[in-house]
Amino acid sequence: MSLQRGVGSVEVRGPPVNYEEQYRTLLTADAVIFVADLVNEFNAQVDEMLRQRAFRKLELDRSNSLPDFSPSTNHIRQGRWQVKPVPRRLQCRHVDLGDVSPSNTNHFLAALKSSAQGIQTDFDDGHCPTWKNQLLGLYNVYNAVHNKIHGVPTVDKAPVLMLRPRAWNMVEHNMLVNGKEVPGPLFDFGLLMYHNARILLDNESGPYFYLSKLEGYREAALWDRVFTWTERKLGLPHGCVKACVLIENVLATFEMEEILYELRDHSLGLNCGIWDYSASFINKFGHRKEFVLPDRNKYVSMDRHFLESYMDLVVRVCHKHGAHATGGMAAPVLPNTSPSDPRYQQVMQKVLSAKRKEIQAGVDGFMVYDIGLLQPAQNLFQEISKSANQLSVKRLDVNVTAKDLLLMPSGGVTLAGLKHNIAVGVLFIEAWLRGQGHYYLKGAVEDSATAEISRSQIWQWIRHQATLEDNNEVITMAMVERLIKEVVMERLWAKDNSCQFTTKRDFQRLYTATRMFEEIVTKRDFPEFITTYLNLDHTFLDHHKQPC
């Protein structure tokens, strides 16, 4: 498809087989022109932002310096400003469902029928951005907003759609403007806004967003300009677009107040995410031995000082400025047994214990993956905090320093932890080759966030020749290759094998995933995002051009 209506050259790849209806509905001439206009307006700014990211990383590497709270923005941190109050339907955001890829139609429909306050409608961590998945996901959102899905509540009665476009590191391969692939988040945001914003606004149900993987306030300012431009272009009132920023990067932690300030007319507050956030330490400082992160299953949790300080600071900063602070997502999945089963009770108690601590820290809400955890989590909120939110909890006791945020937990590496990280990384890549953004392993949902920390740790442990607690053996590439074979064989024979590797194509796909994983954990220079690595890799792209 090629258009030339005053927006330059625009090319959009045609629809995959059996996706013609989705394509016709979404990629109308006017919708494509709107997205092209959006891209033309902000393409140069996105490129410059990404260059600034790379420059900052190079400067950290060159100088061996560490981030701190900037004196140049002290006036913002000392100011008495407030974000604009959130709309009525967002006053209570106790429990959202997280990682709900709208291309997973059955899961998305179940979420719409649930008792969640909101649905993280996810084109990022829990979603694989194949052309089919983008079209199907956007189409399912369109149908939900336009009340075209039989048997689910209308958009004003269903849980609020909290739309999460892809992060800035992702590109959309299937649309080019002036000969250049467009930024993935602008493609997602543009189509979501063009088709749905007015109806969502008229029904007090949006347009509301999650923003992933921002690294500082200048990136928040860019999103704010995108919001303002889009509101003006579509004839919507200023400030109707609202967004919650996920603080998933250590550099963003030092600019949380500035991020809120830049988005103050559009802000829904900030969110904590443990695994992307932990992985960002390796991303930014992984070549330094003092930042080796120990076994995540044994030594990394929200009880650790650097993560506890991070969450406490999120709560204090948000509530100081009238914004909501939300905790992370509970990934465990309840076993398919009776609630009286000890295994069922064990998972339930583990989740509720962790979420109790978050509520006591002052969060206004958090996410769970399993729909079965919604009611228990909502009951827990009512038990501890009777109000719709905890904005009155100011956390004046919190005085977090740079040292608190950068203090790595002590601990080593276990063989079990190493094997678990290998399994998560290999099986995530295998899932992407199948076109799935998440999968289940040992009673929990795994997505790009857990894959990110898993492959990052293995890269770091090999790089710094960490040793196993079990026997003092040095972690080498040869050891990792041997363990990959063991992990793969265990997976093939596992009773809970959800992938069911039975055909020659299944085995080839798994073998390809192991080779890609071996490559990514031994790169000389750390690949910044596993999703970028996969999305730009010819193996992944070619795989989804092949007939199934």
Side-chain angles (χ1 to χ4, degrees), residues 250 274-308 331-332 350 406-430 439-444 446-494 496-497 510-511 513-527 530 533:
V250 60
I274 179 174
W275 296 130
D276 270 321
Y277 182 73
S278 297
S280 76
F281 280 76
I282 303 173
N283 185 325
K284 300 306 179 187
F285 318 123
H287 64 289
R288 311 185 201 188
K289 200 163 184 109
E290 65 269 29
F291 280 94
V292 173
L293 196 65
D295 192 319
R296 68 183 178 97
N297 289 328
K298 186 174 181 179
Y299 297 112
V300 182
S301 69
M302 292 308 294
D303 292 329
R304 290 295 175 160
H305 186 74
F306 82 117
L307 291 173
E308 186 177 35
K350 181 179 179 181
L406 297 171
L407 181 64
M408 288 291 90
S410 59
V413 184
T414 67
L415 179 61
L418 176 57
K419 290 179 69 173
H420 182 73
N421 276 357
I422 289 171
V424 170
V426 169
L427 294 174
F428 175 76
I429 296 173
E430 190 275 334
Y439 68 96
Y440 304 100
L441 178 67
K442 295 182 178 178
E446 306 287 354
D447 62 7
S448 73
T450 51
E452 195 70 85
I453 185 62
S454 296
R455 67 91 185 184
S456 298
Q457 286 202 297
I458 294 174
W459 179 92
Q460 191 184 45
W461 293 339
I462 294 171
R463 173 62 57 94
H464 294 291
Q465 299 181 312
T467 58
L468 293 176
E469 289 182 349
D470 308 71
N471 55 16
N472 262 349
E473 189 176 355
V474 175
I475 298 172
T476 63
M477 187 60 228
M479 176 196 291
V480 171
E481 288 175 345
R482 171 172 54 82
L483 292 176
I484 286 173
K485 292 177 184 176
E486 290 183 19
V487 165
V488 168
M489 290 307 297
E490 288 172 4
R491 185 62 178 170
L492 290 176
W493 293 102
D496 66 342
N497 186 354
L510 183 59
Y511 175 74
T514 64
R515 298 309 300 263
M516 294 175 76
F517 182 76
E518 289 173 3
E519 177 181 306
I520 199 173
V521 297
T522 53
K523 288 281 191 183
R524 176 179 175 85
D525 297 314
F526 181 77
I530 190 172
Y533 167 80

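Being a predicted model, the structure only gives us computed values, none of them experimental.
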Can you tell if the side chain of [X] reaches within under 4.5 Å of the side chain of [Y], non-hydrogen atoms only?
X	Y	value
Val480	Glu518	no
Leu510	Leu427	yes
Thr467	Ile475	no
His287	Gln460	no

For this session: Could you check whether the rings of Trp459 and Phe526 sit parallel, tilted or perpendicular, using 30° and 60° as the cut-offs?
Result: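 Ring orientation, 0 to 90° scale: perpendicular.
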For this session: In sequence, state the C-alpha distance, the side-chain angles, and the governing distance for Val488 and Tyr511, and then conclude on side-chain contact (heavy atoms from CB on, under 4.5 Å).
Result: CA-CA 9 Å; Val488 168; Tyr511 175 74; over 6 Å; no
Quick one: closest heavy-atom pair of [X] and [Y], and the distance?
X	Y	result
Tyr439	Leu441	CE1-CB, 3.7 Å
Ser410	Pro294	O-CG, 3.8 Å
Pro409	Val300	CG-CG2, 4.4 Å
Lys419	Val487	O-CG2, 3.7 Å
Leu293	Gln457	O-NE2, 3.1 Å
Val250	Tyr277	CA-CE1, 3.7 Å

Ignoring hydrogens and geometry, is there a side-chain-to-backbone donor-acceptor pair from [X] to [Y] under 3.5 Å?
X	Y	answer
Thr476	Met479	yes
Ser278	Trp275	no
Arg304	Tyr299	yes
Asp295	Thr414	yes
His464	Gly286	yes
Glu452	Asp276	no
Asn297	Gly417	no

Exercise. Quick one: salt bridge (charged side-chain N to carboxylate O under 4.0 Å, His left out) pairs with a partner in residues 407-418, sequence neighbours left out?
Worked result: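 Listed by first then second residue: nothing to list.
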For this session: Answer with yes or no after comparing the ring centroid distance for Phe281 and Phe306 against a 6.0 Å cut-off, counting only values under it.
Result: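 Centroid separation for Phe281 and Phe306: below 6.0 Å.
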Would you compute the distance between atom [atom1] of [X] and atom [atom2] of [Y] and round it to the nearest 0.5 angstrom?
X	Y	atom1	atom2	value
Leu406	Glu290	CG	CD	10.5 Å
Leu483	Ile422	CG	CD1	4.5 Å
Thr522	Ile458	OG1	CD1	11.0 Å
Ile530	Ile520	CD1	CD1	4.5 Å

Exercise. How about Thr450 and Glu446: does a side-chain donor come under 3.5 Å of a side-chain acceptor?
Worked result: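 Per modelled atom types, Thr450 and Glu446 side chains form a pair under 3.5 Å.
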For this session: Taking atom types as modelled, find out whether Tyr533 and Glu519 have a side-chain donor-acceptor pair closer than 3.5 angstrom.
Result: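 The answer is yes; a qualifying pair exists.
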Exercise. Does the side-chain contact (heavy atoms from CB on, under 4.5 Å) test come out yes or no for Ile484 and Phe517, once each step is laid out?
Worked result: CA-CA 9 Å; Ile484 286 173; Phe517 182 76; 3.8 Å; yes
Exercise. Only one of Val474, Val413, Val521 clears side-chain contact (heavy atoms from CB on, under 4.5 Å) with Trp461; which?
Worked result: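 Exactly one candidate clears the test, Val413.
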For this session: For salt bridge (Lys or Arg N to Asp or Glu O under 4.0 Å), just list the numbers for Arg482 and Glu486, CA-CA rounded to whole Å, side-chain angles, deciding distance to a tenth of an Å, and then say yes or no.
Result: CA-CA 7 Å; Arg482 171 172 54 82; Glu486 290 183 19; 3.6 Å; yes
Exercise. Who pairs with Ser454 by side-chain contact (heavy atoms from CB on, under 4.5 Å), at least two apart in sequence or on another chain?
Worked result: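 If we apply the side-chain contact (heavy atoms from CB on, under 4.5 Å) test to Ser454, skipping adjacent residues, the hits are Arg296, Asn421, Val424.
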